[in-house]
J.: 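Right, I'll just put the structure down here and ask away after.
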Amino acid sequence: MSGVGSFYLWIKALHVIAVISWMAGLLYLPRLFVYHCDAEPGSKQSETFKLMERRLAKAIMTPAMLVSWAAGLWMLWLNPGLFQAGAYIWLKLALVVGLLAMHIAMLGWLRDFAADANTKPQRFFRFMNEVPTLLMIGIVIMIIVRPF
């Protein structure tokens with residue numbers, strides 16, 4: 001394989017690793033919120049959840065999201081023909097923007113919990129826990145199957 005092709009594959013590998021890490025955070029953080037809803041504000045349990053949530057968001061989710069986006073945009077820059085490959089790439093990118101919107105929303109919910117100001121019930125977070133999964137399914141189908 002040529003040097004450029006090999007380099008592209010390394011970026012792609014970095015992208016996949018970062019996406020897996022980002023998805024892990026997007027799937028775990030709302031689950032922590034579900035359990036945090038039951039903790040009495042100011043309790044030791046609530047403070048432990050705050051620490052876990054903050055560390056997950058700051059040490060794993062956000063860096064992984066940034067690397068995912070950087071590597072993804074880098075691959076698009078190296079392969080601009082993808083924009084003419086079909087509508088699937090545009091839908092995939094829209095779904096990725098949906099993941100970004102979920103990430104931003106989760107950071108807002110994290111701030112609410114950190115301030116002991118959460119007003120949302122467990123049921124809300126149980127539902128929100130499924131949204132990244134649905135977006136991920138759509139993204140994988142767009143990339144692997146390329147239905148249109």
Side-chain angles (χ1 to χ4, degrees), residues 7-80 82-83 85-148:
F7 181 68
Y8 184 85
L9 292 177
W10 279 104
I11 296 169
K12 191 181 226 182
L14 176 65
H15 180 67
V16 171
I17 292 164
V19 168
I20 290 168
S21 300
W22 185 25
M23 285 303 305
L26 289 172
L27 296 171
Y28 188 47
L29 188 58
R31 181 56 47 191
L32 287 174
F33 293 156
V34 167
Y35 300 129
H36 197 159
C37 285
D38 282 341
E40 185 70 31
S43 69
K44 182 175 176 160
Q45 185 181 31
S46 177
E47 296 306 310
T48 299
F49 279 122
K50 289 178 188 180
L51 180 64
M52 292 169 67
E53 293 158 358
R54 185 177 64 249
R55 285 181 177 170
L56 177 61
K58 302 235 186 242
I60 297 171
M61 277 178 60
T62 298
M65 180 269 300
L66 293 171
V67 173
S68 295
W69 273 89
L73 292 172
W74 199 354
M75 287 188 303
L76 285 172
W77 181 72
L78 290 172
N79 191 7
L82 282 175
F83 290 113
Y88 79 90
I89 194 70
W90 295 102
L91 181 53
K92 185 255 185 185
L93 292 172
L95 293 169
V96 171
V97 169
L99 284 179
L100 177 61
M102 281 300 302
H103 184 103
I104 292 167
M106 286 183 199
L107 293 180
W109 304 327
L110 181 127
R111 280 190 294 276
D112 291 345
F113 275 110
D116 291 324
N118 175 56
T119 58
K120 294 174 177 48
Q122 270 191 354
R123 188 175 193 176
F124 172 80
F125 294 112
R126 287 182 192 279
F127 176 76
M128 285 296 132
N129 195 190
E130 305 307 322
V131 174
T133 301
L134 296 173
L135 292 167
M136 177 199 61
I137 290 168
I139 291 166
V140 170
I141 289 170
M142 289 306 109
I143 293 303
I144 303 298
V145 179
R146 298 180 182 190
F148 46 88

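For this chain, numbers begin at 1 and follow the sequence in order. Quick caveat: nothing in here was measured; it's all calculated off a predicted structure.
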J.: If you measure from CG on L110 to CZ on R54, what distance do you get to the nearest 0.5 Å?
T.: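 One finds 8.5 Å between CG of L110 and CZ of R54.
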
J.: Under a 4.5 Å cut-off applied to non-hydrogen side-chain atoms, are N118 and F33 in contact?
T.: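 Side chain of N118 against side chain of F33, heavy atoms only: no contact under 4.5 Å found.
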
J.: Do L14 and V67 come within less than 4.5 Å of each other through their side chains, counting heavy atoms only?
T.: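 Yes. Closest side-chain heavy atoms under 4.5 Å.
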
J.: Quick one: are V19 and L99 in side-chain contact, heavy atoms under 4.5 Å?
T.: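 Sidechains of L99 and V19: no contact.
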
J.: Any idea which heavy atoms bring M136 and M23 closest together, and the distance?
T.: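 Shortest heavy-atom separation between M136 and M23 comes out as CB-CE, 3.7 Å.
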
J.: Should the heavy atoms of other residues, nucleotides or ligands under 6.0 Å from CZ of R31 be counted, would the total exceed 12?
T.: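 Yes, the 6.0 Å shell around CZ holds more than 12 heavy atoms from other groups.
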
J.: In Å and rounded to the nearest 0.5 Å, what is the CE to CH2 distance from M65 to W22?
T.: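 Rounded to the nearest 0.5 Å, the CE-CH2 separation comes to 6.5 Å.
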
J.: Charged N to carboxylate O below 4.0 Å: is that the case for K50 and E53?
T.: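 No, K50 and E53 are not salt-bridged.
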
J.: Please report the closest heavy-atom contact between L27 and P132, naming both atoms and the distance.
T.: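 Shortest heavy-atom contact: CD2-CB, 4.1 Å.
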
J.: How far apart are the closest heavy atoms of I141 and P147, and which atoms are they?
T.: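 Looks like O-CD, 3.8 Å.
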
J.: What orientation do W90 and F83 show, parallel under 30°, tilted 30 to 60°, or perpendicular over 60°?
T.: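 Tilted, since the angle between the ring planes falls between 30° and 60°.
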
J.: Is any side-chain heavy atom of F125 closer than 4.5 Å to one of N129?
T.: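 When only atoms from C-beta onward are counted, F125 and N129 do not touch, as no gap falls below 4.5 Å.
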
J.: Got Q45 and T48 here, is their nearest side-chain heavy-atom distance under 4.5 Å?
T.: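 In short, these two side chains do not touch, never coming nearer than 4.5 Å.
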
J.: Quick one: NZ on K58 to OG1 on T62, what's the gap to the nearest 0.5 Å?
T.: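 Atom-to-atom, K58:NZ and T62:OG1 are 7.0 Å apart.
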
J.: Please report the shortest heavy-atom distance between I60 and S21, naming the atom on each side.
T.: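 Smallest interatomic distance, heavy atoms only, reads CG2-O, 3.9 Å.
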
J.: Let me confirm one number: the CG-CE distance from L29 to M106, rounded to the nearest 0.5 Å.
T.: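 It comes to 6.0 Å.
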
J.: Nearest 0.5 Å, what's the CG-CG distance between L56 and L32?
T.: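 Between L56 CG and L32 CG, I get 6.5 Å after rounding to 0.5 Å.
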
J.: Hey, could you give me each pair passing salt bridge (charged side-chain N to carboxylate O under 4.0 Å, His left out) that has a residue in residues 119-132? Not counting sequence neighbours.
T.: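 For residues 119-132, and leaving out neighbouring residues, there are no salt bridge (charged side-chain N to carboxylate O under 4.0 Å, His left out) pairs at all.
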
J.: K12 versus W74: any side-chain heavy-atom pair under 4.5 Å?
T.: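 The answer is no, as the side chains (C-beta and beyond) never meet within the 4.5 Å cut-off.
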
J.: Taking the six-membered ring for Trp, are F113 and H36 parallel (under 30°), tilted (30 to 60°) or perpendicular (over 60°)?
T.: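 Correct class here is parallel.
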
J.: How close do P121 and C37 get, heavy atom to heavy atom, and via which atoms?
T.: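 The answer is C-SG, 4.0 Å.
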
J.: Rounded at 0.5 Å granularity, tell me how far CG in L135 sits from NZ in K92.
T.: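 Output value for this atom pair is 12.5 Å.
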
J.: Quick one, S68 and H103 - any side-chain contact, counting heavy atoms below 4.5 Å?
T.: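 Of all side-chain heavy-atom pairs linking H103 with S68, none is under 4.5 Å.
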
J.: Where is the tightest heavy-atom contact between V34 and Q122, given as atom of each residue plus distance?
T.: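 Heavy atoms only, the tightest pair is O-NE2, 3.1 Å.
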
J.: For Y88, look at atom OH and say whether over 12 heavy atoms of other residues, nucleotides or ligands are found less than 6.0 Å away.
T.: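 Enclosed.
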
J.: Checking the side chain of R55 only, and the main-chain atoms of M52 only, is there a donor and an acceptor separated by less than 3.5 Å?
T.: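 No; judged by distance alone, with no hydrogens or angles, the pair does not exist.
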
